[in-house]
There are 4 protein chains.
Amino acid sequence: MAPLNEDQLENIRNERKIQIMRAAIKVFATHGFKLTKISLIAKEAGISHGLVYHYFKSKEEVLYDSLEWAMELNETRKFLTELSEMAISPVEKLHKFTKFALSSSLSTSSDIFRIIQHLEHTEGVPDHLLEFTKNVGMMYVEFFIPIFIEGQKAGEIIQEDPEVLVGIFLTIISGVMADDPGWWQENMDHKIAIYLRMLTTR
Amino acid sequence: MAPLNEDQLENIRNERKIQIMRAAIKVFATHGFKLTKISLIAKEAGISHGLVYHYFKSKEEVLYDSLEWAMELNETRKFLTELSEMAISPVEKLHKFTKFALSSSLSTSSDIFRIIQHLEHTEGVPDHLLEFTKNVGMMYVEFFIPIFIEGQKAGEIIQEDPEVLVGIFLTIISGVMADDPGWWQENMDHKIAIYLRMLTTR
Amino acid sequence: MAPLNEDQLENIRNERKIQIMRAAIKVFATHGFKLTKISLIAKEAGISHGLVYHYFKSKEEVLYDSLEWAMELNETRKFLTELSEMAISPVEKLHKFTKFALSSSLSTSSDIFRIIQHLEHTEGVPDHLLEFTKNVGMMYVEFFIPIFIEGQKAGEIIQEDPEVLVGIFLTIISGVMADDPGWWQENMDHKIAIYLRMLTTR
Amino acid sequence: MAPLNEDQLENIRNERKIQIMRAAIKVFATHGFKLTKISLIAKEAGISHGLVYHYFKSKEEVLYDSLEWAMELNETRKFLTELSEMAISPVEKLHKFTKFALSSSLSTSSDIFRIIQHLEHTEGVPDHLLEFTKNVGMMYVEFFIPIFIEGQKAGEIIQEDPEVLVGIFLTIISGVMADDPGWWQENMDHKIAIYLRMLTTR
DNA sequence: TATGAATGAGAATTCATTCAT
DNA sequence: TATGAATGAATTCTCATTCAT
């Protein structure tokens, strides 16, 4: 067999990396940074722990690269894009988003959420990671502000400072996702409807 | 010189123990069980790490005793009692409670909340601690159910299964307290008012 | 470069384990369980203390596995088998055994003896270890009873309850091995001959 | 009441010291030096652990002083003196001594034995303690040599180098005392009689 | 003289990281 | 690229010793 050419090698390398990062995201989300053992990531990825250090310099780099990678292919971002293009009312958009956030507890996107929340409450997080988390938060806010304004224009959403409303809307979702998403799984639509009453006119 | 008499010793012992437990609650709330270092509790309490083991058998006992102690003097419990006796409407009670929960972020009561949430999401927590956390949760639910029913009778609160309403009300507060209480400090009354709209009739 | 193949790894692993167990037996024999420091075993084995935990879960497991391993290759057991097949008189067998036991003071077999005695006089030894020690003791008794009976039939050994005789014979050897085997090295045959007079007719 | 005079104070002081030393001998005999906790001695003596340090500089001094004290009032020494004055045959003396040694397992004298044996097998024992142990050993040897010679003259004891015989006699007793005195308690006279057969003519 | 509170050195164990193969 | 052997820093817990009262 001819030796693999560089591109192919690069591909293999990338796939290995992705395999590790996918595992890392999952494990970091469950245990947080400090309590995540490299050996657990390795096990989850089905490789030896030594190999992790061929692709990443340190545990911290595993985290950082994994987050970056996860954000790039982020389903949430995709979901937001799709959402923005849907022909439904603003409040229906909020409903859909909330449902997505709470029900996707097993997907990468909620894992990212959880990791970022961990980081925000952790001391000694390196600057570039902190900045990263801020940016992610900002992305959401900037996405929802126009939707809220639109909702207010349509008379669906109450007349309050949109930033405050988005803030309430997102901190609560974020808190709930981190705290007890399980509770919401049953009768989710109904519960979300109640939840959104705080924002809607009648 | 005569040794200290029994009362004096008892006092020192009690005060030291409380001093340690107060520190422990704070540190456990910040870092969770596993990541809390005894040395940090000791530092926070201003004593040597060895002394902690003079008063407690193990890190786990520090946690358990501290939680028990904190629950006994629990401001939340006291607050609930006072609240139940106030001559205000049910919704106003919910408002007051929410405000108390979110504003007391620097006090012991929110620390307890946070610790218990940590424990609930942690594997390998010993049974007696798990039971403890369940009981605390139950206490809140049982306190609020009657208030919601009363509110529904008065036409202030929407006609939904009270258990579901209490569930939403408490999971959100709990999640928010654990996640980002800081955000709520500014303009708290206003934000709470919006928050409660999800429960209230118009 | 290719990683080591499975056989090579298995070899390294086994050799290291044996290297550690050999060191452990020696150190446990000298200091007993509690006072044996893992760091000392590691030093004796020429490795870092961390590596011990790569091969064993805990100090207790080091002890247990080492004993098990030592018993399997146990020279004493081998010696007993050989002894039983020798064409010599029962009393000569006792002589040979005693000599073996006392002269092998620097070998693994007396170390095992010593460790087991330590364990028998120690509180809080886990059950599986206790059982282990009992079995070893029983093995010896069961081996010697027939030899004593044979000696009695041949008129070489005095007519007393064989169990009592074996008991005296073994407790003394065991005590002496643990206490002061050095004293016996000089003129051993002569001393043993005197020792055995307590059992023999004339 | 008049204050106690100096002699009385000295007496109290001495009694306290003795109370501690008595406890210490017992505990050291059971656990050996390193594993003996000062707190356990204190408990056994019914005092606080702090008080031990009023009477002794260190754990080591507790051991040394206790041994010295125990040797001075030593029942064994007394027993030896009495024994030497008894109007019985040398072999009967050996029998009586053996019985005393093995049956006094609950008395101070066997505790001393055990402690000394511990020390002999322990590294890093300070010189003055080592010397002490040697002297004790010598005392026994010197006491028994004449008895053996007398026994040989009387034709009761076999014609061998008395030093060797005393050596065998004492190392075995010492070993057995340390190892498993319990086994001998039942039918002791009978067992001792067998034991002494190794020394006696027929 | 007496107590037990307080300290800190030392030992078991875990785990990120490096390295030989 | 891949493995897991090897190291050592960090953390929990114990206990001799000191000290305030």
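Every value quoted in this text rests on a predicted model; they were computed, and no experiment measured them. Every chain is numbered from 1, with letters handed out A, B, ... down the list of sequences.
- When rounded to the nearest whole Å, the span between NZ of C/Lys17 and C1' of F/dA5 equals 14 Å.
- A cation-pi contact, defined as under 6.0 Å to the ring centre and within 45° of the axis, is absent between B/Lys59 and B/Tyr53.
- The 12-atom threshold is exceeded at NZ of D/Lys17, counting heavy atoms of other residues, nucleotides or ligands nearer than 6.0 Å.
- Spacing between atom CD1 of A/Ile41 and atom C1' of E/dA16 amounts to 11 Å, rounded to whole angstrom units.
- Atoms OG1 and CD1, from C/Thr36 and C/Ile115 in turn, are 8.0 Å apart once rounded to the nearest 0.5 Å.
- For F/dT11, the paired base is E/dA12 (Watson-Crick or G-U wobble, both distances below 3.5 Å).
- Using a 4.0 Å heavy-atom criterion, one finds that C/Tyr55 contacts the sugar-phosphate atoms exclusively.
- When each of C/Leu51 and B/His54 is assigned the nucleotide of DNA chain E bearing its nearest heavy atom, the one mapping closer to the 5' terminus is B/His54.
- F/dC13 atom C1' lies 15 Å from atom CD1 of B/Ile20, rounded to whole Å.
- The CZ-C1' distance, from B/Arg13 to E/dG4, rounds to 9 Å in whole Å.
- Contact annotation: B/Tyr53 side-chain N/O to F/dT14 OP1/OP2 distance is not under 4.0 Å.
- In this structure, C/Lys59 places its NZ atom 17 Å from C1' of E/dT14, rounding to the nearest Å.
- We find that CD of B/Glu61 is positioned 11 Å from P of F/dC13, with the value rounded to whole Å.
- Side-chain N or O atoms of D/Ser58 include one that pairs as donor or acceptor with a backbone N or O of D/Glu61 at under 3.5 Å.
- Between the CD1 atom of D/Ile47 and the C1' atom of E/dA2 there is a distance of 9 Å, given to the nearest Å.
- Pair assignment for E/dT21: F/dA2, on the basis of Watson-Crick or G-U wobble contacts that are both within less than 3.5 Å.
- Rounded to whole Å, the distance from CD1 on B/Ile38 to P on E/dT7 is 15 Å.
- When each of B/Ser39 and D/Ser58 is assigned the nucleotide of DNA chain F with its nearest heavy atom, B/Ser39 is the one assigned upstream, toward the 5' end.
- Judged by atom type and distance alone, D/His49 does not reach the base of E/dA2 through any side-chain donor-acceptor pair under 3.5 Å.
- Two residues, B/Arg16 and C/Lys57, neighbour DNA chain E, and the one matched to the more 5' nucleotide by heavy-atom proximity is B/Arg16.
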- Message: Working note: B/Arg16 + B/Gln19, criterion side chain to side chain donor-acceptor pair (under 3.5 Å); need CA distance, chi angles, decisive distance, verdict.
- Response: CA-CA 5 Å; B/Arg16 269 287 178 276; B/Gln19 180 185 2; 2.7 Å; yes

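- Nearer the 5' end of DNA chain F, as judged by each residue's closest nucleotide, is the contact made by B/Lys37, out of D/Lys34 and B/Lys37.
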